[in-house]
Protein chains: 2
Amino acid sequence: MKILIVEDEKALLSTVGNFLTKQSYICELAENFQTADQKVSIYEYDIILLDITLPDGNGLQLLKTIQKYNSKAGVIIISAKNSLDDKINGLDLGADDYITKPFELAELNSRIKALIRRRQFNGSSLVAFNEIEINTDSKEVTVKGNKIVLTKKEYDLLLFFIVNRNRVLTKEAIAEHLWQDNIDLADNFDFVYTHINAVRKKIKQAGGNDYIKTQYAMGYKFTDS
Amino acid sequence: MKILIVEDEKALLSTVGNFLTKQSYICELAENFQTADQKVSIYEYDIILLDITLPDGNGLQLLKTIQKYNSKAGVIIISAKNSLDDKINGLDLGADDYITKPFELAELNSRIKALIRRRQFNGSSLVAFNEIEINTDSKEVTVKGNKIVLTKKEYDLLLFFIVNRNRVLTKEAIAEHLWQDNIDLADNFDFVYTHINAVRKKIKQAGGNDYIKTQYAMGYKFTDS
DNA sequence: ATGGTTCTTTAGATTTCCTTAAGATTTTTT
DNA sequence: AAAAAATCTTAAGGAAATCTAAAGAACCAT
C-alpha cells in the first residue's frame, strides 16, 4: 500500500511519515507543490494525503493532476482550520475525505483504513454521518439506505453540515457558503430557516435522526450528542 | 481563533466586532493605543486588526510591542485613504496585509481568511482553566468532563473570564464586551449579576470550583488563588 | 409561452432566554 | 452597631430568535 504525503510543514511531514511507515505503509514525501505534482504524474499511489495550502501552489490544483495520472488513488485532504469551504471544494474536485489540522495520528490512521476499505468495494466517494450518506459523485443522498431527493440548496446545506460536523455554524457562515458573493453581509439571513426546515423534514420523513441541533442565538451544529 | 481589533472610531469598532463575532471568531476590542498596547503585551492573539491613526499614539509603534510579545500573530493594518507611506512602513515593520478605509466587511473577512491560510494557523479550539474546558468550535463546555449547557450570554461571559484570567474585570468592562454597542454607559449594570449567578450555578452543579471571585466595589477576577 | 420546480419572502406561532424588579444578603463606611 | 452601598438571588413579563407553512417570484426545460 503506497502513500504519498504532501505537506510543507517539515515537522508534521516527518511525523506523519514516520508514523505511517511504522504502520507498514510505503511512504513517499513531498514538501511542495512542484515535487508533489511531479511524483503524482510519474508514480502510482494508493493513497495521497494532501495539504492544500502549499507555498508554491494550491493543493486543489494537484487534484487535477491526480485525476489525470493517478485516478485510482484515494485522496485525503489536510485542511487548515477555518477554511470551511476548501473542504467542500476538495470533495467536489474528487477528494475522498478530509481531516482538519491539528489532528491525532490515530484519527488519520482510521481514516486511511476506512478509505482503503471503501475503495476496495466501490470507487465512489462517500461522505457519511451515521445513517446519512452522501455520494458526492452522483450527488445522491440516502438515509438508512432510503434515497431522498434534495434540491441544490438543500444538498449544499446538508453537505456543509456533514463536512463541518460538531462545529457550531452561524447563520452568517451558512449563508456565506450557500450564496457565495451574491450576498449582502448586512442582510438578515432568515431564508436560511426555510432550507434548514426543508432538510430536516426530508431526513425525518426517511426515518433519520435530527442531527441538526439549534443552538439558540449561536447557530446550528450537526452532531450526534 | 482570537482576534484583537484596534480602532478608535467607536461605530466602526463595534460593527467589525459584531461581524467577526458572528463569523465565529473570539474578539477583543481596544479603542486606543494604551489599551491595545497593554492587551498585546499580556495576551496572545492569532490576528490583530490595527488602525494606525489613534488619538494617543501611532499604531506603527504597536507593531514593535506585537513583535516582542505576540510574534505569532498576523497583523492587518487598517489605514486611512491616501496614507500610502503608512502602509509601506507597516509592511516593513512586520504587518502581513493592509486594508483601506472605508472597506466592505466581506473584503475584511476574506483577507482574514487568506491570512489564516497563509499563516497556517492550527488555531487551537480548546480554551481551558483547570477542570473547565471550552471547545470554541463545538462551543461545548465541560466541567470535570461533565458537559454543561450554557446560553449565549453565559457562554460569552465564561469565555471572557477564562481568556482574561487573573485579571480584575469591572462590571462595566464585562458589560461592554457582552453587549458591544447596545449599551448605555449611564446605565447600571445590574443585569450582569444575573448572568454571573447563572454561570456560577451551572459550574457548581457540575462539581466545579467557583473561580469567579468577587472583589467588592472593583469587579470580578477569574482565578485559582 | 407554459408548466413545473426551486428559491425567496412574508407573517403568525412558538420557543428560548434576557432583562427587569424587588427583596435578601454581604461588605464597607460612618 | 447602624446605615449605606454593593452584590446576590429568584421569578415573571416581554423581547428576540427560531420555526413553520404558504404564497409570490424567479428559474428552467419543454
Side-chain angles (χ1 to χ4, degrees), chain A residues 139 141 147-161 168-205 210-222, chain B residues 18-19 21-22 24 139 141 148-161 168-205 210-222:
Chain A
K139 311 224 181 229
V141 181
K147 183 176 157 192
I148 64 174
V149 179
L150 299 181
T151 70
K152 175 161 167 47
K153 280 276 182 296
E154 290 159 10
Y155 174 88
D156 286 348
L157 180 59
L158 181 60
L159 185 58
F160 191 56
F161 267 131
V168 173
L169 302 168
T170 63
K171 282 203 304 286
E172 286 76 8
I174 293 169
E176 212 177 306
H177 171 75
L178 289 180
W179 283 270
Q180 308 268 37
D181 358 299
N182 312 324
I183 195 157
D184 182 359
L185 287 166
D187 235 4
N188 71 327
F189 303 105
D190 290 357
F191 42 80
V192 172
Y193 296 138
T194 308
H195 296 292
I196 286 183
N197 186 27
V199 171
R200 278 177 165 157
K201 218 187 252 177
K202 288 183 180 176
I203 289 175
K204 188 176 182 185
Q205 200 161 21
D210 186 8
Y211 295 120
I212 305 177
K213 305 283 160 53
T214 304
Q215 315 250 102
Y216 190 95
M218 296 175 145
Y220 297 88
K221 184 163 67 173
F222 200 89
Chain B
N18 280 332
F19 172 71
T21 302
K22 287 200 173 150
S24 305
K139 300 201 191 255
V141 180
I148 64 174
V149 178
L150 300 180
T151 69
K152 178 164 166 52
K153 279 278 182 297
E154 290 159 11
Y155 175 88
D156 285 349
L157 179 60
L158 180 60
L159 189 57
F160 190 56
F161 268 130
V168 175
L169 303 169
T170 63
K171 283 203 304 285
E172 286 75 13
I174 293 169
E176 226 168 282
H177 177 76
L178 262 63
W179 282 269
Q180 308 260 42
D181 39 314
N182 314 319
I183 197 156
D184 183 359
L185 284 165
D187 235 1
N188 70 330
F189 304 104
D190 290 357
F191 41 81
V192 172
Y193 296 138
T194 308
H195 296 293
I196 286 183
N197 183 39
V199 171
R200 279 178 164 155
K201 215 188 254 178
K202 287 182 181 177
I203 289 175
K204 188 176 182 185
Q205 199 162 23
D210 186 10
Y211 296 120
I212 305 176
K213 305 284 160 51
T214 305
Q215 317 250 55
Y216 192 93
M218 303 182 106
Y220 298 89
K221 185 160 71 171
F222 199 89

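Chain letters run A, B, ... following the sequence lines, proteins first and then strands; every chain starts at 1. Basis for what follows: all heavy atoms, side chains included, without hydrogens, waters or symmetry-related copies.
- Nucleotide dC17(C) holds its P atom 15 Å from the OH atom of Tyr155(B), rounded to whole Å.
- The side chain of Trp179(A) contributes an N or O atom lying less than 4.0 Å from OP1 or OP2 of dT8(C).
- For Lys152(B) against Met218(A), the heavy-atom pair with the smallest separation is CA-CE, 3.7 Å.
- Heavy-atom neighbours of Lys213(A) NZ from other residues, nucleotides or ligands within 6.0 Å: above the threshold of 12.
- By the side chain to side chain donor-acceptor pair (under 3.5 Å) test, Tyr220(B) is found to be paired with no residue, residues two or more places apart in sequence or in another chain being considered.
- Checked against dT9(C), dT19(C), dC7(C), the side chain of His195(A) finds its nearest nucleotide in dC7(C).
- Between the P atom of dT19(C) and the CG atom of Leu157(B) lies a distance of 12 Å, rounded to the nearest Å.
- Nucleotide dT26(C) holds its P atom 18 Å from the NZ atom of Lys213(B), rounded to whole Å.
- A 4.5 Å side-chain heavy-atom check between Ile196(A) and Thr214(A) finds every atom pair outside the cut-off.
- The overall bend of the helix from dA1(C)-dT30(D) to dT30(C)-dA1(D), read as the angle between its terminal helix axes built from five base pairs each, is 40° when rounded to 10 degrees.
- Atom CZ of Phe191(B) is separated from atom P of dC17(C) by 19 Å (rounded to the nearest Å).
- Residues that satisfy the salt bridge (Lys or Arg N to Asp or Glu O under 4.0 Å) test with Lys201(B), not counting sequence neighbours, are absent from this structure.
- For NZ of Lys204(A), the number of neighbouring non-hydrogen atoms (other residues, nucleotides, ligands) closer than 6.0 Å is 12 at most.
- Taking atom CD on Glu154(A) and atom P on dT6(C), their separation rounds to 8 Å, with Å as the unit.
- Heavy atoms of other residues, nucleotides or ligands lying less than 6.0 angstrom from NZ of Lys153(A) number more than 12.
- At whole-Å resolution of the value, CD1 in Ile174(B) and P in dC18(C) are 16 Å apart.
- Residues passing the ring-ring contact (aromatic ring centres under 6.0 Å, His included) test with Tyr211(B) are Phe129(B), Phe222(B), sequence neighbours excluded.
- Residues forming a side-chain contact (heavy atoms from CB on, under 4.5 Å) with Gln205(A) (at least two apart in sequence, or on another chain): none.
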- Message: Walk along nucleotides 1-19 of chain D from 5' to 3' and tag each nucleotide B, S or - by protein heavy-atom contact under 4.0 Å, base first, then sugar-phosphate.
- Response: ----BSBBBB-----BSBB
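- Taking atom CG on Leu150(B) and atom P on dC17(C), their separation rounds to 11 Å, with Å as the unit.
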